[in-house]
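One structure is given here, and the rest of the page talks about it.
Order of the sequence lines fixes the chain letters, A, B, ..., with proteins taken first and strands second; residue numbering starts at 1 for each chain.
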Number of protein chains: 2
Amino acid sequence: MSQPSEQSRKTRILDAAERAFADLGFEGASLRQIVQAARVNLATVYYYFGSKEGLMAAVFERRFGPLRDEHWEALQKLDKEAQGYPLPMEKILETMLRPALRLATAAAPQGRTVMRLIGRIASDPDPRIQELFRGQFREVRQAYLERIHRSAPELPEADILWRFEFIWGAFAFVLCNPAKLERITGGMCNPADMNTLLAQMVACFAAGFRAPAVSRTGPASRCGKRRPNARDRV
Amino acid sequence: MSQPSEQSRKTRILDAAERAFADLGFEGASLRQIVQAARVNLATVYYYFGSKEGLMAAVFERRFGPLRDEHWEALQKLDKEAQGYPLPMEKILETMLRPALRLATAAAPQGRTVMRLIGRIASDPDPRIQELFRGQFREVRQAYLERIHRSAPELPEADILWRFEFIWGAFAFVLCNPAKLERITGGMCNPADMNTLLAQMVACFAAGFRAPAVSRTGPASRCGKRRPNARDRV
DNA sequence: GTCTATAGAACGATAGAC
DNA sequence: GTCTATCGTTCTATAGAC
């Protein structure tokens with residue numbers, strides 16, 4: 001029991017940490033600033049979460065647990081609709097990108113923060129954070145890759161992987177600093193306008209997956225595994 | 001004059017700083033670690049560069065000055081070839097992406113580091129770094145946007161800007177952690193294989209620019225400027 | 001469970017001798 | 001130009017009272 005309890009201390013810490021990590025990255029955010037915003041003592045963080053890394057893990061789990069569930073439900077629904085036939089690429093991409101954007105509206109008023117968090121963390125330098133983040137979505141990622149492969153069977157696996165990474169790179173980049181993006185495009189691109197962002201990404205990358213193969217050999221190719229060397233010229 | 005001078009102290013500091021910033025980001029890298037790697041004293045950094053931010057600015061200028069020159073040369077050559085006609089989208093994208101990749105081989109043995117630096121810095125949380133980086137390429141960026149617009153005149157400006165940002169997001173993401181990308185794709189995607197990376201990006205995003213418009217109105221549209229609100233549903 | 005107090009280390013930056 | 005020494009701050013983390 002305590003006095004300042006519009007919410008539990010734990011929740012307040014998670015909210016403040018989420019915002020700090022989203023704005024400043026894992027390294028840039030400090031626990032002192034977080035506990036000040038959460039109106040709790042520094043020691044409280046260690047009591048509940050053990051360490052800064054533990055706090056980050058809890059921030060992840062709170063948001064990304066439900067997000068994973070939503071992905072699985074959406075995938076199940078998608079497969080049911082398909083009845084064994086390959087899915088339209090647009091449908092797959094929309095299903096893949098929508099949950100993260102939905103979360104941003106569902107988790108109000110912290111929603112926009114969650115978007116930035118995803119963007120920021122996807123390109124965080126710290127390997128501990130990389131692994132923490134990746135562990136949350138490893139299976140989901142594989143599921144989408146399989147659907148894409150089934151819908152573009154002629155595309156070599158290497159090509160699919162490259163373009164798949166391009167999607168997440170673009171997504172993270174756009175999400176991690178919406179204000180900057182809006183500024184440098186003179187207000188023409190606003191990531192907070194999530195319907196437009198979704199439509200633009202689906203249109204761009206569905207077309208991208210339909211582009212001709214780049215790898216020289218077929219789907220069973222190993223050409224992606226070629227070891228590049230210092231004599232490669234660009 | 002001094003003893004350990006396989007290179008000048010200034011160069012050694014720049015090399016070490018470049019590597020540290022590329023690996024750990026601006027905040028994550030510490031001056032003490034940099035001066036240790038450069039085998040100089042901490043005060044030397046302040047003598048030459050004034051501050052940590054000044055050091056980062058010098059790191060940028062050393063690499064991105066020549067990079068800008070290369071962009072302008074490539075653009076000039078491109079326009080000459082075109083003779084006033086719209087350029088093929090593939091040609092524009094290849095011209096736009098190649099200099100950064102060329103730099104990676106030209107600046108050996110620091111080349112790979114420069115690639116990671118570009119990727120890391122493009123999504124750095126610190127607004128000072130954002131501005132420092134953006135200032136290096138503002139005009140170059142505008143030049144490529146104009147060429148793209150001329151080659152896809154039917155595409156609304158908002159659509160062009162969205163997809164343009166997707167490109168840089170994908171590029172930064174792939175560059176900033178090549179080792180991670182290679183690992184999670186089971187060795188099928190290796191950003192150090194720069195010819196393949198370039199070909200994959202050109203193929204994917206040239207097709208992306210040819211995808212139908214998403215914004216409802218024409219090139220003079222303002223629909224991108226719509227203020228989204230909290231009731232937007234995804 | 002929650003607090004105060006503080007350890008112990010790392011940080012950016014500067015002063016001043018040579 | 002280059003160094004040593006150090007200031008003042010901030011950080012993660014912990015010990016121990018209540």
Side-chain angles (χ1 to χ4, degrees), chain A residues 1-60 120-121 124-129 131-132, chain B residues 1-60 120-121 124-129 131-132:
Chain A
M1 286 304 122
S2 60
Q3 281 111 320
S5 63
E6 56 211 30
Q7 290 168 315
S8 78
R9 282 171 149 77
K10 212 169 165 176
T11 302
R12 289 210 310 275
I13 294 174
L14 286 172
D15 285 347
E18 189 168 85
R19 182 181 306 272
F21 288 141
D23 288 338
L24 307 164
F26 180 70
E27 175 114 26
S30 85
L31 291 180
R32 291 180 140 85
Q33 157 195 25
I34 290 168
V35 300
Q36 191 179 4
R39 306 190 311 284
V40 298
N41 189 277
L42 178 61
T44 315
V45 171
Y46 289 94
Y47 175 77
Y48 281 118
F49 306 102
S51 69
K52 191 182 185 183
E53 192 177 346
L55 174 57
M56 179 59 113
V59 166
F60 279 6
R120 186 72 64 207
I121 258 49
D124 197 283
D126 194 318
R128 293 174 302 170
I129 305 303
E131 203 44 46
L132 225 51
Chain B
M1 286 305 121
S2 60
Q3 282 111 322
S5 62
E6 56 213 29
Q7 290 167 316
S8 77
R9 284 170 146 78
K10 212 169 165 177
T11 303
R12 289 210 310 274
I13 294 173
L14 286 172
D15 285 347
E18 188 168 86
R19 184 183 302 275
F21 289 141
D23 287 338
L24 306 163
F26 180 70
E27 174 114 26
S30 84
L31 291 180
R32 291 179 142 84
Q33 157 196 23
I34 289 169
V35 300
Q36 190 180 5
R39 306 189 312 282
V40 299
N41 190 277
L42 177 60
T44 315
V45 171
Y46 289 93
Y47 175 76
Y48 281 117
F49 305 103
S51 69
K52 190 182 185 184
E53 192 178 346
L55 175 57
M56 179 59 112
V59 167
F60 278 5
R120 185 72 65 208
I121 258 49
D124 197 285
D126 194 318
R128 292 174 302 170
I129 305 303
E131 203 45 45
L132 224 51

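Nearest approach of A:V35 to A:L42, heavy atoms of both residues: CG1-CA, 3.8 Å. Closest approach of A:R9 and A:V40 over heavy atoms only: CG-CG1, 3.8 Å.
Rounded to whole Å, the distance from CE on B:M56 to P on C:dA13 is 13 Å. Rounded to whole angstrom, the span from the CD atom of B:E53 across to the P atom of C:dA13 amounts to 9 Å. Counting to the nearest Å, the C1' atom of C:dG12 and the CZ atom of B:F21 are 12 Å from each other. Counting to the nearest Å, the C1' atom of C:dG12 and the CD1 atom of B:I13 are 15 Å from each other. For B:L24 and C:dC11, the CG to P distance is 11 Å, given to the nearest whole Å. Note: CG (B:N41) to P (D:dT4) measures 5 Å, nearest angstrom. Straight-line distance from the CZ atom of B:R39 to the P atom of D:dT2: 14 Å, rounded to whole Å.
Remark: B:I13 CD1 to B:L31 CG distance equals 9.5 Å, nearest 0.5 Å. Expressed to the nearest 0.5 Å, how far CG of B:L14 lies from CZ of B:F21 amounts to 10.0 Å. Rounding to the nearest 0.5 Å places CG of A:D124 at 6.5 Å from CE of A:M56.
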Please lay out, stage by stage, how A:I129 and A:F60 fare under the test side chain to side chain contact (heavy atoms under 4.5 Å, CB included). CA-CA 10 Å; A:I129 305 303; A:F60 279 6; 4.3 Å; yes
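Between B:Y46 and C:dA13 there is a side-chain N or O to OP1 or OP2 distance below 4.0 Å. Note on A:Y47: every side-chain N or O is 4.0 Å or more away from OP1 and OP2 of D:dT14. Residue A:T44 places no side-chain N or O under 4.0 Å from the OP1 or OP2 atom of C:dG1.
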So which protein N/O to nucleotides 6-11 of chain D N/O distances come out below 3.5 Å?
unit_1	atom_1	unit_2	atom_2	d
D:dC11	OP1	A:S30	OG	3.0

Check the interface with nucleotides 15-18 of chain C: list each N/O to N/O pair with the protein under 3.5 Å, or write none.
none

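The side chain of A:R9 has C:dT2 as its nearest neighbour among C:dT2, D:dC3, C:dT4.
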Anything under 3.5 Å between a donor and an acceptor, one on a side chain of residues 47-55 of chain A, the other on a protein residue two or more places apart or in another chain? List them.
unit_1	atom_1	unit_2	atom_2	d
A:S51	OG	A:E53	N	3.4
A:S51	OG	A:G54	N	3.0
A:K52	NZ	A:F26	O	2.8
A:K52	NZ	A:A29	O	2.8
A:E53	OE1	A:R128	NH1	3.2

